[in-house]
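Step one of this worksheet: look at the structure below.
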Number of protein chains: 2
Amino acid sequence: MTGKVDSRPTMDDVAIEAGVSQMTVSRVMRGTGQTSEQVRHRVEQAARKLGYVPNRLATSLRDETTPLIAVVLPTLGNRVFSEVLDGITATLSGRGLQPVFGVTEYSEATEEELVRDLLSWRPQGIILPGLEHSDATRIAIRAAGVRVVEVMDIDGDPISIAFGLSQYAAGQATARYMLTKGYRRFGYIGSQGARDLRAVKRFNGFRDAVRDSGGQILVEHVSDGPSSMIEGRRATATVLSAPDRPEAIYYSNDDLAAGGIMHCLSHGVTMPTDVALAGFNGLPFLEALPIQLTTVETPRLEMGIRAAQHLIDDHDTSEVPRVIDLGFHLIPGQTS
Amino acid sequence: MTGKVDSRPTMDDVAIEAGVSQMTVSRVMRGTGQTSEQVRHRVEQAARKLGYVPNRLATSLRDETTPLIAVVLPTLGNRVFSEVLDGITATLSGRGLQPVFGVTEYSEATEEELVRDLLSWRPQGIILPGLEHSDATRIAIRAAGVRVVEVMDIDGDPISIAFGLSQYAAGQATARYMLTKGYRRFGYIGSQGARDLRAVKRFNGFRDAVRDSGGQILVEHVSDGPSSMIEGRRATATVLSAPDRPEAIYYSNDDLAAGGIMHCLSHGVTMPTDVALAGFNGLPFLEALPIQLTTVETPRLEMGIRAAQHLIDDHDTSEVPRVIDLGFHLIPGQTS
DNA sequence: AAGCCTGATGTTTACGTAAACATATGCGCC
DNA sequence: GGCGCATATGTTTACGTAAACATCAGGCTT
């Protein structure tokens, strides 16, 4: 017996109201199979009257498929990732797919738990940040047989396919550019401790390139918290007041670097003569700075779009793991 | 008969592997009821061996409840909303709740469809931007009997409860501040056509305050696309080259206003003597500007946190509609 | 030693939907 | 005028889980 006062109406309720069977309601709702004009009308009326809303939990359970795409991101505190998410959502919407997501705050343990939770929704696919994941995460994903796309990074072995850029090469390119400008004595400013693995890779590329040319990294200042302009400003003050003051500073991202510019402007430190600066990401807000930062533009939106697109397209799950390099673009600025 | 080669393992599969009944597996998985140490161990082993992942679709269908919170946002293209989302996610995670979300791109029709889609997941609650929604949206939500929180705005009648600020008052406050500084002839620059209803309210507050004091709005420049610094720059150039040039410009948000600052800096227009500027939001990137923008700081993170918190707390659904004013804070800058 | 509780496990059922199969009605055809 | 076929609708079942209820073994009580 259906018709409980308090509960949401089901197809059964609509069926009774319209004087037909539940199956007929199902047919009318989806516009499949054969239905007479008359019945269709009655059912639609009944559905509207009762405020019927289909229950996707039931549909998905029954069909053993969902319109969900799981999305994992390190944080929403950085514009970079909301742009990736933007690309994903824009691509999914209109195709009847919906994102369910969560953030790891750069913790591998959180990622593990999050992935388990997300997979329990039986999503069509999952988008993960970076290529480094715990064994448990990999096993869970493999067992789920779900399609995976990794984004942001291509330095390593993807589970299936990765859309991103070589973080190592980006660091290297930045270093080489600075080296051509004549700088040899560098400082590095980062954040998130060593948890931001892509920042670590960039710095490795930067450091290797510097060392190969006989340059040196005089000081590494990596704070533990999230990156922000104010933190970059503080860190820059510290680094520049050290006895062994660098000629140039490489920042793990634009927020920190912009803070560096703020410090220099407020303290009469001339860029690039007193100190040269370089950041990473090419975020739009850089346009607002009084002086153009040297940075590396990354295909953030495109990574999201391509990742989502890949999950939409019908691909073979057994494909060979591969990486798609979406490249990056060094923007020479006035700070170096 | 279970054990289909291709499909994900279910409790039945684990049960067979462990030589117990499905129900026992369920008990072990959730740690409820009575289970012997021995059986528990066998079941856990079997589950691990088969890579069992619970199916939340089934659980939710069976329990008639989900751990989902639906989130609707106008866009991810503006930092404001990713900050709100950040507040929501941070508050939900750790409580076993998950956000499912979508963006409307400022379209009421899209919102309607999106809300219907989201409600079909039978979420615990739904978070909507603003107080203006189509009748169909309201009806769907009412029928769903789902808990609703509206965020951003408090100028109007909430469906149930709203956490936000008075957009009208914010516009008014900005105008009054500008008026005390002696400006009387104003320009307005907006975007998103008239779709950004909160921007419209702010402008109404601004305009009313200006008119009340005998000032006037000489020009209104509202472009149709999304807001961006570059658009603000273009618009500012246009407005300042008009024959009836305003003494001060009010922008619908900080991105546009920052573009205005860019224009002035590049064209030797001195702020605030040649023209005064004011924005809205108090986004962190303003810190990067060479000159402090007059703006209104909004409690973006807090709106997200409070909204999510309200859905977590056990509230009476039949409560009287009400609005919670989280206030705003005018930041006097160097541009006015 | 019969009765009875307790702890451990099993069986049945319902959640809402949709495929597969079953049934009914009517109409054309030879 | 009976056969067959198309069209419209109904019935059964399964998806995976968990509450409610049923069963069963063993030990304790008197």
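Order of the sequence lines fixes the chain letters, A, B, ..., with proteins taken first and strands second; residue numbering starts at 1 for each chain.
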Using a cut-off of less than 4.0 Å, is there contact between a side-chain N or O of [X] and OP1 or OP2 of [N]?
X: B:T35; N: C:dT9; value: no
X: B:S21; N: C:dG10; value: yes
X: A:S26; N: C:dA18; value: yes
X: B:T24; N: C:dG10; value: yes
X: B:T10; N: D:dC15; value: no
X: A:R30; N: C:dA18; value: yes
X: A:S36; N: D:dT9; value: yes

Checklist entry - Do we see a donor-acceptor contact under 3.5 Å between the side chains of B:R40 and B:T35? => result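 Per modelled atom types, B:R40 and B:T35 side chains form a pair under 3.5 Å.
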Item to check | Side-chain ion pair, B:R116 and B:E113, N-O less than 4.0 Å | outcome: no
Checklist entry - Quick one: do B:D155 and B:R198 make a salt bridge, cutoff under 4.0 Å? => result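 So B:D155 does not pair with B:R198 through a salt bridge.
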Where the side chain of [X] is defined as all heavy atoms beyond and including C-beta, which of [options] is the nearest nucleotide?
X: B:D63; options: D:dT17, C:dT17, D:dA18; value: D:dA18
X: A:R27; options: C:dA20, D:dA18, C:dT17; value: C:dA20
X: A:V20; options: D:dG10, D:dT17, C:dA8; value: D:dG10
X: B:E64; options: D:dA18, C:dA18, C:dC15; value: C:dC15
X: A:M11; options: C:dA18, C:dG16, C:dA14; value: C:dA18

Next on the checklist: Using a 3.5 Å distance criterion without hydrogens, assess whether the side chain of A:D13 forms a donor-acceptor pair with backbone atoms of A:T10.
Outcome noted: yes
Taking [atom1] from [X] and [atom2] from [N], how many angstroms apart are they, rounded to a whole number?
X: B:Q34; N: C:dG10; atom1: CD; atom2: P; result: 14 Å
X: A:L61; N: C:dC15; atom1: CG; atom2: P; result: 14 Å
X: A:W121; N: D:dT17; atom1: CH2; atom2: P; result: 13 Å
X: A:Q38; N: D:dA8; atom1: CD; atom2: C1'; result: 12 Å
X: A:M29; N: C:dG16; atom1: CE; atom2: P; result: 15 Å
X: B:R56; N: C:dC15; atom1: CZ; atom2: C1'; result: 17 Å
X: B:R62; N: D:dA14; atom1: CZ; atom2: C1'; result: 17 Å
X: A:R42; N: D:dT9; atom1: CZ; atom2: P; result: 8 Å

Item to check | Nearest heavy-atom neighbours spanning A:I324 and A:I154 | outcome: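 Smallest heavy-atom distance, with atoms named: O-CG2, 3.7 Å.
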Next on the checklist: Using a 4.0 Å heavy-atom cut-off, does A:M23 contact any base of the nucleic acid, only the sugar-phosphate backbone, or nothing at all?
Outcome noted: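 The answer is base, as A:M23 lies within the cut-off (heavy atoms under 4.0 Å) of a base atom.
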Checklist entry - Has the side chain of B:Q22 got a donor or acceptor atom sitting under 3.5 Å from an opposite partner on the base of D:dA18? => result yes
Checklist entry - Side chains of B:W121 and A:V100: does their closest heavy-atom pair fall under 4.5 Å? => result no
